[in-house]
Amino acid sequence: MNSFKQQLQNRAGIAAFAASAVVFGLLSILKPGRQAQPSHILVPIVKKFVASGSHVSPGDIRWVRESRLRPIPAKDLSGYAKVPLFPGEILSPQNLGQWSQRTVLVAVAPTNAVDSGVARVGNYVDVMVASGKGVTWQSGPLPVVGRSLGGGMQPSVDVAMGMKQALTFEQIQSKGRVELVGMTS
């Protein structure tokens, strides 16, 4: 019996190390006291029709739970509608733009309808009014927000510009050819 006790004493360190390794391994895998909690994520849904270019306020949004989507910070859901928003539609930060109260959307109908087909939403164009004497007026780079390619009407491109610039364009557009230049692709 003494030899058995002596063998246990000689191997006690190895046995203690093995036991602690097994306990450490089990505690690494198991996380006591933590159970998976279902997360409740809210999805923004537009309550009523919001026209393109109109301000979207918190009262226009209804929040619905959806556990499969990731959340969008509420600060990213304010601004102005880039596209028409319809009731029941999921609101996305890509549908909104950050324009000041002094920015307006202007539908520009170029004299050459091909310009409307080339302009792309998200790109920038310069609106120019030219007459026989040369360039009468030029806007500088303006973001293209939307476009209408006909349907029986003259094609047009919707651009965002400052109020003062829009008033000037409205007064001068009939005094020459309206052209879109400097289009990026």
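The chain is numbered in sequence order, starting from 1. Computed from heavy atoms alone, side chains included, the values below leave out hydrogens, waters and symmetry copies.
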remark   = So CG of L105 and CG of L142: to nearest 0.5 Å the spacing works out to 11.0 Å
message = Testing the basics here: between L180 and V125, what is the closest heavy-atom pair and its distance to 0.1 Å?
response = CD2-CG2, 4.2 Å
message = Between Q154 (side chain only) and P110 (backbone N and O only), is there a donor and an acceptor less than 3.5 Å apart?
response = yes
T111 and E179: CA distance, side-chain angles, deciding distance, side-chain contact (heavy atoms from CB on, under 4.5 Å) verdict = CA-CA 6 Å; T111 306; E179 298 178 11; 5.7 Å; no
query = Can you check whether D126's main-chain N or O pairs, donor with acceptor, with S139's side chain at less than 3.5 Å?
reply = no
inquiry  = What's the separation between atom CD in Q165 and atom CD in Q138, rounded to the nearest 0.5 Å?
reply    = 10.5 Å
ask   = Stepwise, does the side-chain contact (heavy atoms from CB on, under 4.5 Å) test hold for Q173 with V127?
value = CA-CA 10 Å; Q173 71 177 339; V127 177; over 6 Å; no
key: I61 vs P58 side-chain heavy atoms within contact, under 4.5 Å   = no
ask   = So, for A119 and V157, which heavy atoms are closest and what is the spacing to 0.1 Å?
value = CB-CG2, 4.0 Å
inquiry  = I need the minimum non-hydrogen distance between G146 and V121, along with the two atoms involved.
reply    = CA-CG2, 3.8 Å
